[in-house]
Amino acid sequence: MPEGEFTVYELVGGDVTFRALVDEFYRRVEADDALRALFPDDLAAGKEGQFLFLTQFFGGPARYAEQRGHPRLRMRHFPFAIDRHARSRWLSHMLAAIDVVGVQEPMRTIMRDYFERASEHMINVQEPLSPNDSEKR
Ligand code: HEM
């Protein structure tokens, strides 16, 4: 662990902080029509999965593994068409949620770096480049 004997999970405040993070993130997803369309009607199971995964990933209890098995996140995201626009909206909501919840440095940077890298990996729809690219993006 980068923070000596403590995990990121512990240093940011454990379950309470991750609940708040996931709540804030999902509030933003729900308010984002373009992104919301990608998610299923019922958000409850995915929201709980997100909480279980993130707490486990950042050094908390291995509840995701116990309840849902190996994360295999890229595979679990295949049913959803994730292009780079969706990824960047997703990422901006998560980074905003980290700040709203008040995660302090250096955990803030550790979490931001992870989300930036991992969300890139979740893109499963590549758009062809077109001549008017710079106007659209
Ligand atoms: C750091 C990157 C990401 C992580 C760690 C992550 C993590 C997760 C987890 C743990 C779940 C729940 C899986 C389960 O229920 O067992 C999930 C579901 C989902 N994620 Fe991601 N995700 C990431 C990026 C993205 C991106 C970029 C998008 C789309 C723009 C996305 C869209 C979704 C959708 C649509 C679901 C399904 C929700 C549901 O079934 O209710 N994710 N994600």
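When a ligand or atom number is given, it counts from 1 through the structure's own listing order. We count residues from 1, following the sequence as given.
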What protein heavy atom is closest to [atom], reported as residue, atom name and distance in Å?
atom                    : result
atom 30 (C) of ligand 1 : A86 O, 3.4 Å
atom 12 (C) of ligand 1 : G46 O, 3.9 Å
atom 17 (C) of ligand 1 : H77 NE2, 3.6 Å
atom 7 (C) of ligand 1  : Q50 OE1, 3.5 Å
atom 34 (C) of ligand 1 : F39 CE2, 3.6 Å
atom 9 (C) of ligand 1  : L73 CD2, 4.0 Å
atom 36 (C) of ligand 1 : F80 CE1, 3.7 Å
atom 39 (C) of ligand 1 : P40 CG, 3.4 Å

Polar atom proximity, W90 to ligand 1 (N or O, under 3.5 Å): yes

CA sep, side-chain torsions, deciding dist, call: F57, V8, side chain to side chain contact (heavy atoms under 4.5 Å, CB included): CA-CA 9 Å; F57 181 83; V8 169; over 6 Å; no

State the atoms of ligand 1, each with its element, that fall below the 4.0 Å cut-off from a heavy-atom position in [X].
X    : answer
A118 : 1 (C), 2 (C)
L38  : 29 (C), 30 (C), 35 (C)
F115 : 1 (C)
F53  : 5 (C), 10 (C)
L35  : 30 (C)
R68  : 14 (C), 15 (O), 16 (O)
Y114 : 5 (C)

Steps toward side chain to side chain contact (heavy atoms under 4.5 Å, CB included) verdict (K47, D23): CA-CA 8 Å; K47 193 172 171 182; D23 281 351; 3.1 Å; yes

Whether Q56 side chain and A65 backbone form a donor-acceptor pair below 3.5 Å: yes

Side-chain donor/acceptor of R63 to backbone N/O of F53, under 3.5 Å: no

contact_flag L91 ligand 1 heavy-atom lt 4.0 Å: no

Close approach of Y64 to ligand 1, heavy atoms, under 4.0 angstrom: yes

Closer than 4.0 angstrom, basic N to acidic O: yes or no for [X] and [Y]?
X    : Y    : answer
R108 : E105 : yes
E24  : R19  : no
E120 : R117 : no

L43 CG to R27 CZ distance, which is reported to the nearest 0.5 Å: 13.0 Å

Non-hydrogen side-chain atoms of M94 and L54 separated by less than 4.5 Å: yes

Close side-chain approach of F51 to L21, heavy-atom, < 4.5 Å: no

Parallel, tilted or perpendicular: rings of Y114 and F58 (30°, 60°): perpendicular

Parallel, tilted or perpendicular: rings of F80 and F39 (30°, 60°): parallel

Proximity to ligand 1 by part of I123, non-hydrogen separation under 4.0 Å: neither

